[in-house]
Structures are given as C-alpha cells and as structure tokens.
There are 2 protein chains.
Amino acid sequence: MSNTYKILIVDDEKDLCEILQFNLASEGFEIEVAYSGEEALNKSLDRFDLLLLDVMMGGMSGFKLADKIRKELNLSVPIIFLTARETENDMLTGFNVGADDYLSKPFSIRELVARIKAVLRRGKNVEVKPKVITIDSMELDLNRKSVTIENEAVLLTRKEFEILTMLILHKGKYLSRQEILDRIWSDDVIVTERNVDVNIARLRKKIGAYGSCIKGRSGYGYCFEN
Amino acid sequence: MSNTYKILIVDDEKDLCEILQFNLASEGFEIEVAYSGEEALNKSLDRFDLLLLDVMMGGMSGFKLADKIRKELNLSVPIIFLTARETENDMLTGFNVGADDYLSKPFSIRELVARIKAVLRRGKNVEVKPKVITIDSMELDLNRKSVTIENEAVLLTRKEFEILTMLILHKGKYLSRQEILDRIWSDDVIVTERNVDVNIARLRKKIGAYGSCIKGRSGYGYCFEN
DNA sequence: CAGGCTTGTTACAGTATTATTACAAAACGA
DNA sequence: TCGTTTTGTAATAATACTGTAACAAGCCTG
C-alpha cells in the first residue's frame with residue numbers, strides 16, 4: 001500500500017505497546033509510540049491517521065488526552081480507546097469525547113486490526129471544504145460570509161447566505177425543504193417549510209441572473225445548477 | 001427537532017424489536033422494523049440513516065443481508081450488527097461486509113444509543129458515495145434522484161423515479177402491481193392498481209427508447225429488461 | 001375465434017405543491 | 001429606546017403532480 005497509515009499508540013504499559021507495535025507494523029501500518037499523554041502532546045498529532053489511546057494511564061488519562069486533542073488542538077483524527085474497565089459509564093465518556101471505537105482489554109489483535117481498518121475506511125471519504133467558492137463571476141467567501149458578483153458586493157442575510165452555501169456545496173443535488181430546515185435552522189425553533197420558499201425567493205431576487213440557477217422542483221426541493 | 005434520523009431494525013425476535021423500538025423512539029429516532037432479511041429488502045433501504053441488523057435470524061442472516069445491501073443495492077448506509085454470538089470470527093465477518101459497529105447481546109440500551117449516535121455523528125462529515133446505476137446510456141443517480149439519457153436530463157416525478165428505480169434494482173424480475181404499490185405509495189393512501197399502469201405509461205414515454213425495456217406481462221406485473 | 005379479462009394510453013379534473021407578495025413579529029444596533 | 005433589518009406567517013395565484021375514468025388494444029381460455 002503506497003500511503004501507509006500512521007498510527008500513534010499511547011499507553012504506559014510498555015509490554016503491551018511492544019506487542020501492538022509489532023503486530024500492527026506487520027499489518028503494514030506505520031507505528032509510533034508514546035508512553036504518556038504528555039509525551040503524546042509533544043508530538044505533532046496531525047501527522048497521524050489514527051490514535052490508539054489507553055484510558056488508564058499514569059498522569060493524564062486517555063479521556064483527558066482525547067478531550068484536549070479535540071478541543072484544544074481541534075483535531076478530528078479518529079480515536080480508538082483501549083481499556084481494561086468495562087463499565088458502561090466509561091463507554092459513554094469515551095463516545096462523548098468523540099471516540100470512534102472502543103475496545104476492552106483483553107482483546108485480540110485480529111479484532112483490533114479489523115476495527116482499525118473499519119475506522120480508517122470510514123475516514124477515507126471525508127472532504128475538505130474550500131473556504132472560497134467561485135462560480136463564474138460569483139464568489140462566496142465562507143469565512144467572511146460574503147458574496148460578490150462581478151466584484152460587486154451582494155448583501156445577503158444570514159439565512160440567505162447559508163441556504164445559498166448549502167445549495168452550492170451540494171451543487172446539482174436537490175435538497176428537500178426539510179433537509180434545508182434541518183441544517184440551517186436551529187433544532188429548537190419550529191418553523192414551517194414555507195420559510196424555505198420565502199427565503200429562496202428573496203435570495204433569487206438578490207443574486208440577479210444567478211437566481212435562475214436555483215431550480216425548484218415539485219416533490220424534490222431546491223437545487224443549484226449552472 | 002427537525003433532525004430525526006430514520007433507523008431500521010431487522011430482527012426476528014419480536015420482543016426485542018419492541019423494546020428497541022420503544023427505547024430508540026423515545027430517544028427521538030424514527031424507527032421501522034422488519035422481522036426478516038427478506039422483509040427488509042422489500043423496503044426502500046436508502047431511506048434509512050442507519051440499519052440495526054441481527055446476525056442470527058431465520059432465513060437470511062444479518063451478514064448475508066448486509067452483503068446484499070452493500071453489493072447489490074450498492075448502499076453505504078451505516079450498519080450496526082447485533083449478535084448473541086461472541087466469537088471473534090463473527091466479529092471479523094461483520095467488519096468485512098462493511099459494518100460500522102458491532103454489539104453483543106445482552107447490551108444496554110444506553111450503550112446502543114451511544115454507539116448509534118457515534119456512528120451517525122461520523123456520517124455527518126462523510127461525503128455520500130455516489131450511488132449511480134448505469135444502463136447503457138441511461139444513468140440513475142439515486143442520491144440526486146436524477147436521470148439522464150445520453151447526458152440529457154430526464155425530469156421524472158417522484159413516483160416515476162421511484163418506480164423506475166425499483167424496477168431496475170430488481171432487473172429481470174416481474175414485480176406485481178401490488179408490490180409496487182406497497183413499496184412506493186404510503187400505507188395510508190388507498191389507490192387502485194391501475195395507477196401503476198398510468199405511471200408506467202408516463203414513465204415509458206419520458207425515457208424514450210428505454211421505455212420498451214419495461215415489459216408488462218399479463219398476470220405478472222412489470223419488469224425491466226434490456 | 002369469440003367473449004371476458006387484463007393491460008396501455010389518453011384526457012381531464014382534483015389535489016398537492018410551489019412562487020410570490022404583503023404584512024407582522026422578532027432581533028439587532030446605535 | 002427607536003428605527004432598521006431580518007425573519008416568520010398567511011394568503012393568493014400559478015403550476016405541477018396524481019388519480020380516475022373511459023376506451024382501445026392485447027391476451028388468454030374455452
């Protein structure tokens with residue numbers, strides 16, 4: 001396999017680390033090891049495709065480490081937890097800090113490998129969104145949330161901007177009113193689907209000629225297509 | 001609370017189904033149940049956000065079902081397996097057919113819910129893999145619900161699209177009017193079987209030369225065959 | 001090959017869905 | 001706070017979709 005996956009093992013049991021390292025390496029993975037959470041944080045963690053974290057470690061626990069990785073480093077690298085503890089609460093904590101899987105010791109190497117592969121397979125399709133989208137003479141800046149057409153600013157409201165962005169990110173696909181509501185309106189607000197229509201109408205008017213790129217189709221919803 | 005995820009439970013233990021249905025429904029999920037793999041295949045499975053499959057079932061096993069779903073229907077909907085069996089080999093079979101998680105009975109509802117949420121959360125960032133069916137110069141995009149012939153868009157209504165999809169997914173098999181009604185019309189609406197004929201006629205007209213691939217046979221129903 | 005049954009097609013009407021407008025409520029900023 | 005902007009609702013007209021009925025054409029079966 002040309003691009004080998006890099007996996008970081010964080011566990012303070014050196015024996016187990018060695019076993020894992022040997023076995024996973026022979027599966028074709030590229031392995032690095034850290035013997036504590038602190039040591040792990042000293043590495044540039046964004047290099048790895050997957051982290052295997054022991055929950056029970058001297059010093060920082062695996063959960064704590066995962067939390068830092070998610071919240072402070074803001075990384076979305078997949079994480080699998082290893083733990084000797086079997087209680088349900090641990091499970092839940094694990095998933096709450098964004099674990100991708102969870103294995104209780106003792107586990108078989110084959111099972112671990114299977115789960116690693118499952119997690120890596122999932123991750124393959126994630127797509128990095130561009131921050132600026134250009135469509136002919138129309139530009140959306142997702143960071144600044146601004147739109148220009150022929151370099152002229154077009155002032156869209158928040159909802160209008162988000163709908164336009166969503167349609168464009170799914171260019172060519174019809175999105176139902178419900179899907180649009182789900183994504184753009186906060187969960188606790190209850191509004192009618194007609195709202196989507198109204199906002200689409202406003203949007204169409206504001207973006208001039210591009211308005212006709214937003215197609216509406218009975219039973220399907222809306223779609224951007226140019 | 002717009003975001004209801006639709007989950008299909010496939011298990012032949014009715015009691016368990018009921019318990020799961022009740023508990024998951026009260027978590028805000030929208031639940032459907034099938035008591036066998038065969039019954040599950042009669043549903044349009046692309047409607048669901050997640051499948052919970054029992055491994056051990058009378059008739060088709062959960063693994064077999066998953067395999068069909070992945071390979072024949074070409075769906076990438078997340079799957080979680082439920083099983084009483086704990087052997088490692090089962091685990092591995094599960095992951096090989098593209099399972100997203102695996103739970104051994106008995107499991108706690110809370111754990112199941114946590115795992116469901118983990119799987120659904122993951123799915124958010126994953127770009128849906130295109131589900132496109134190509135038949136000579138005709139292309140059906142099941143995600144976009146669009147049809148093109150020689151790269152020209154063919155605008156089908158929902159019913160027309162669904163009928164065409166259903167026929168093509170069961171290419172070579174005659175589907176009775178009743179089967180088509182059951183699958184495509186919602187349960188509470190009562191309509192005559194003649195409706196199927198009418199929609200088939202419209203469909204045939206819209207898809208031009210491919211119209212003649214939809215064969216009708218007295219007493220059998222309709223079948224797509226090219 | 002005739003009669004009854006099933007199927008294909010068309011036209012029409014009822015229903016559902018969508019676009020647009022105007023106005024009111026809510027949120028926002030100075 | 002007040003005035004402005006944004007957002008939601010309701011009403012309406014326009015459009016699209018779907019079901020029914022009617023009839024023609026096909027197909028079984030005796």
Practice item. Ignoring hydrogens and angles, state whether a donor on the side chain of B:Asp182 or B:Gln178 is under 3.5 Å from an acceptor on the partner side chain. Key: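 Yes.
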
Check your understanding: Would you say the side-chain atoms of A:Tyr222 and A:Ser176 include a donor-acceptor pair closer than 3.5 Å?
Key ->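 On atom types as modelled, these side chains do not qualify, holding no pair under 3.5 Å.
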
Taking the side chain of [X] as its heavy atoms from C-beta onward, which of [options] lies nearest to it?
X	options	value
A:Asn195	D:dT20, C:dT7, D:dT9	D:dT9
A:Val198	C:dT7, D:dA10, C:dT18	D:dA10
A:Trp185	D:dG8, C:dA19, D:dT6	D:dG8
A:Val191	D:dC17, C:dA19, D:dT9	D:dT9
A:Asp197	C:dT18, C:dG8, D:dT18	C:dT18

Could you check whether [X] gets within reach of a base, just the sugar-phosphate, or nothing at all, counting any heavy atom under 4.0 Å?
X	result
A:Lys205	sugar-phosphate
B:Tyr222	sugar-phosphate
B:Arg202	base
A:Arg194	base

Provide, to the nearest angstrom, the distance between the [atom1] atom belonging to [X] and the [atom2] atom belonging to [N].
X	N	atom1	atom2	result
A:Ile184	D:dT6	CD1	P	16 Å
A:Asn199	C:dA19	CG	C1'	13 Å
A:Ile214	C:dT20	CD1	P	11 Å
B:Arg204	C:dT10	CZ	C1'	15 Å
B:Arg177	D:dG19	CZ	C1'	16 Å
A:Arg217	D:dA14	CZ	P	23 Å
B:Lys215	C:dG8	NZ	P	12 Å
B:Tyr220	D:dG26	OH	P	21 Å

Review point. Can you check whether B:Leu156's main-chain N or O pairs, donor with acceptor, with B:Lys206's side chain at less than 3.5 Å?
Key: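 Side chain of B:Lys206 to backbone of B:Leu156: no pair is present.
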
Exercise for review: Ignoring hydrogens and angles, tell me if any N or O in the side chain of B:Asp67 forms a donor-acceptor pair with the backbone of B:Phe63 under 3.5 Å.
Suggested key: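 The answer is no, because no donor-acceptor pair under 3.5 Å joins these two groups.
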
Exercise for review: Please check the phosphate of D:dC28 (OP1 and OP2 only) for any side-chain N or O of B:Ser218 closer than 4.0 Å.
Suggested key: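 For D:dC28, OP1 or OP2 has a side-chain N or O of B:Ser218 closer than 4.0 Å.
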
Exercise for review: Report yes if at least one side-chain N or O of A:Thr192 is closer than 4.0 Å to OP1 or OP2 of D:dA10; otherwise report no.
Suggested key: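 Looking at the OP1 and OP2 atoms of D:dA10, neither is under 4.0 Å from any side-chain N or O of A:Thr192.
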
Practice item. Kindly indicate whether a cation-pi arrangement holds for B:Arg144 with A:Tyr174, taking the cut-offs as under 6.0 Å to the six-membered ring centre and within 45° of the axis. Key: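 No - B:Arg144 does not lie over the ring of A:Tyr174 by the 6.0 Å and 45° rule.
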
